[in-house]
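What follows is a short report on a single structure.
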There are 2 protein chains.
Amino acid sequence: MKTIDLEDEPIEAERQSSPEKRGRKASKEVRRQQLIEATIDSLAKRGYSETTMADVADGAKLSRGIVNFHFESKEKLLVATLQYMYDEYSAHWRNAYDKAGVNAGDQLKALVTADFDRAVCNKRKLAAWCAFWGEAKSRPTYQALSGARDTDYQNLLFDLCSRLKAEAGYGFDPHHLALALSALLEGLWLRLMMGLEDVTRETALQAANEFLLTTFPKHYTREANGIRRL
Amino acid sequence: MKTIDLEDEPIEAERQSSPEKRGRKASKEVRRQQLIEATIDSLAKRGYSETTMADVADGAKLSRGIVNFHFESKEKLLVATLQYMYDEYSAHWRNAYDKAGVNAGDQLKALVTADFDRAVCNKRKLAAWCAFWGEAKSRPTYQALSGARDTDYQNLLFDLCSRLKAEAGYGFDPHHLALALSALLEGLWLRLMMGLEDVTRETALQAANEFLLTTFPKHYTREANGIRRL
DNA sequence: CCATATTGAATGAATGTTCAGCAAATTATA
DNA sequence: TATAATTTGCTGAACATTCATTCAATATGG
């Protein structure tokens with residue numbers, strides 16, 4: 001009855017098998033990317049505190065000193081990795097938003113759906129995000145980048161809540177609701193990452209949709225497979 | 001217009017200034033507790049990866065070897081600390097629940113309010129929780145204890161959602177809604193911990209109440225200061 | 001004194017960083 | 001085209017540091 005939880009790609013998948021110069025001598029950018037991917041792997045597999053330069057180098061099948069050559073220190077590698085994930089996530093939701101048309105209901109639904117897309121929401125990435133969250137409080141450098149749902153995202157949610165409220169005369173406070181919504185999404189990510197219970201990408205999305213349904217009853221309706229805008 | 005955000009107690013507050021034997025030779029239990037508090041301090045101040053035995057010992061104003069004497073290893077100290085926070089949180093919500101009477105609406109409101117009580121929801125504790133979350137995925141030992149909102153809590157939320165639904169004929173799926181609610185609470189904690197934006201305990205609680213209001217419109221009503229059961 | 005708690009220096013393992021040297025790619029020269 | 005010179009990417013051993021753990025010596029309270 002439950003779709004055999006789509007265990008996302010194995011953590012160590014050969015990701016960039018593109019024929020880009022592999023053996024020796026790849027371009028600076030290719031190597032940096034390769035090392036960043038290896039870092040995400042390591043964060044996901046061993047956690048922040050046990051991610052070592054050696055493990056990253058091994059994961060990239062390169063020598064020990066390589067990271068200090070392309071990045072300069074472990075700290076800078078980690079910041080670059082976080083920046084990469086941040087940029088990727090931003091591009092992802094902006095893209096979903098742009099494709100959603102002009103209707104606020106559609107736009108909000110698109111944002112929520114995008115959040116549980118395999119591209120950004122898989123064990124590997126979620127584990128890496130959480131590793132950074134755990135260190136963010138005590139590291140100013142991480143703090144700004146750790147909240148994937150940043151100011152832009154938050155403002156957009158607020159704008160959408162306000163528009164839906166104006167359209168249907170809901171009684172809620174759009175500020176509080178936007179905060180609740182982004183917290184809900186992040187909380188669901190956390191649950192997914194923990195991997196306890198039987199929470200899967202599907203159930204998480206259903207829970208988020210349940211929120212949309214009960215909060216904006218005049219905008220959405222229950223469908224066989226998710227929700228639909230009225 | 002905004003209450004000067006109640007910056008919770010300073011991280012290094014002299015917590016147990018009780019005249020319990022302080023100088024030399026305290027009982028086993030007193031020392032353990034003292035070291036656990038120092039561990040929470042360190043986790044909050046420096047994060048998991050930079051929490052060292054030396055820092056814990058210094059924080060407790062004791063010598064370097066002390067932790068290995070009372071706990072046995074760093075690992076066991078950390079597990080004991082997590083267990084302590086877990087027990088404390090559990091006792092806190094159970095207590096709030098027991099005091100809430102027999103009405104499901106009151107009980108749910110009590111649980112949500114308890115979640116933002118200073119006793120369990122302050123920068124120090126939230127930071128410590130988050131430190132563990134960041135390591136939980138890669139450490140089976142932490143995994144079970146890291147989800148403060150455990151199976152019992154989740155089941156209770158489900159039960160309450162179901163009862164409210166039965167009382168007022170709401171259309172939601174109680175499973176999904178209970179998941180959404182617990183994720184919302186955890187997500188708000190995460191936001192509070194990050195300390196970005198202007199999210200305070202008050203705004204977080206308001207956002208959670210906004211959720212209750214819109215989801216259970218027949219049970220709660222907006223009040224000057226929060227919500228009230230109808 | 002005896003049992004127990006505590007100290008703090010010593011130890012050894014783990015790990016980030018450095019760097020001299022090597023090799024592949026690229027360019028210059030004949 | 002062949003060869004030399006140079007740049008650039010990469011290696012891995014050596015080094016320095018940090019840190020958990022051990023333990024012999026010491027202090028304390030009963």
Side-chain angles (χ1 to χ4, degrees), chain A residues 16 18-39 41-43 45-82 131-132 135 138-139 141-142, chain B residues 16 19-39 41-43 45-82 131 135 138-139 141-142:
Chain A
Q16 91 301 8
S18 65
E20 289 268 17
K21 344 185 183 175
R22 244 335 207 96
R24 297 266 160 105
K25 302 255 175 165
S27 81
K28 213 102 180 167
E29 260 323 300
V30 168
R31 275 285 178 266
R32 283 177 61 95
Q33 183 57 32
Q34 187 183 357
L35 290 169
I36 284 175
E37 292 293 343
T39 304
D41 282 340
S42 186
L43 287 171
K45 200 196 334 158
R46 332 208 325 170
Y48 186 97
S49 73
E50 298 209 310
T51 285
T52 67
M53 302 286 259
D55 192 54
V56 170
D58 290 353
K61 302 234 172 91
L62 291 170
S63 71
R64 295 297 158 95
I66 196 71
V67 172
N68 288 290
F69 181 77
H70 286 285
F71 296 83
E72 178 177 332
S73 65
K74 183 183 184 183
E75 179 67 16
K76 289 189 178 163
L77 166 69
L78 290 167
V79 170
T81 302
L82 182 53
F132 282 114
E135 296 294 315
S138 48
R139 313 222 179 184
T141 322
Y142 293 173
Chain B
Q16 92 299 4
E20 289 267 18
K21 341 187 183 172
R22 244 331 208 100
R24 297 270 161 103
K25 301 253 176 167
S27 81
K28 213 102 179 168
E29 260 323 300
V30 168
R31 276 283 179 268
R32 283 176 63 95
Q33 183 58 31
Q34 187 183 357
L35 289 169
I36 284 176
E37 292 294 342
T39 304
D41 283 339
S42 186
L43 286 170
K45 200 194 338 154
R46 333 204 332 166
Y48 186 98
S49 73
E50 299 208 309
T51 284
T52 65
M53 301 286 260
D55 194 54
V56 170
D58 290 354
K61 303 237 171 87
L62 292 170
S63 71
R64 296 300 158 94
I66 196 72
V67 173
N68 290 96
F69 180 77
H70 286 284
F71 296 82
E72 176 179 334
S73 67
K74 184 183 184 182
E75 181 67 17
K76 289 189 178 162
L77 167 68
L78 290 167
V79 170
T81 301
L82 181 53
E135 297 292 318
S138 47
R139 313 222 181 185
T141 321
Y142 293 173

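Residue numbering restarts at 1 for every chain, and letters A, B, ... go by the order of the sequence lines. Atom set for the values below is all heavy atoms of this structure, side chains included, hydrogens, waters and symmetry mates excluded.
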What is the distance, to the nearest angstrom, from the [atom1] atom on [X] to the [atom2] atom on [N]?
X	N	atom1	atom2	result
Leu35(A)	dC10(D)	CG	C1'	12 Å
Glu72(B)	dA20(D)	CD	P	16 Å
Arg64(A)	dA16(D)	CZ	P	20 Å
Arg46(B)	dC19(D)	CZ	C1'	11 Å
Asp58(A)	dG12(D)	CG	C1'	12 Å
Lys61(B)	dA5(C)	NZ	C1'	20 Å
Glu50(B)	dG16(C)	CD	P	12 Å
Leu78(A)	dG16(C)	CG	C1'	12 Å

Checklist entry - So does Arg31(B) get a side-chain nitrogen or oxygen closer than 4.0 Å to the phosphate oxygens (OP1/OP2) of dT6(C)? => result yes
Checklist entry - Can a side chain N or O of Lys74(B) be found less than 4.0 Å away from OP1 or OP2 on dT21(D)? => result no
Can you find a side-chain donor-acceptor pair between [X] and [Y] that sits under 3.5 Å?
X	Y	value
Glu50(B)	Ser138(A)	no
Gln33(A)	Glu37(A)	yes
Thr51(A)	Ser42(A)	yes

Can you tell which of [options] lies closest to the side chain of [X]?
X	options	result
Asn68(B)	dG16(C), dT22(D), dT18(C)	dT22(D)
Thr52(A)	dG8(C), dA20(D), dT15(C)	dT15(C)
Phe69(B)	dG12(D), dA5(C), dG16(C)	dA5(C)
Ile66(B)	dA5(C), dT11(D), dT6(C)	dT6(C)
Ser63(B)	dG8(C), dT21(D), dA5(C)	dG8(C)

Checklist outcome for this item: Looking only at heavy atoms, the pair that brings Phe71(A) and Lys76(A) closest together is CD2-O, 4.1 Å
Checklist outcome for this item: Between Ser73(A) and Gly65(B), the residue closer to the 5' end of DNA chain C by nearest nucleotide is Gly65(B)
Checklist outcome for this item: CE (Met53(B)) and CG (Leu35(B)) are apart, to the nearest 0.5 Å, by 9.5 Å
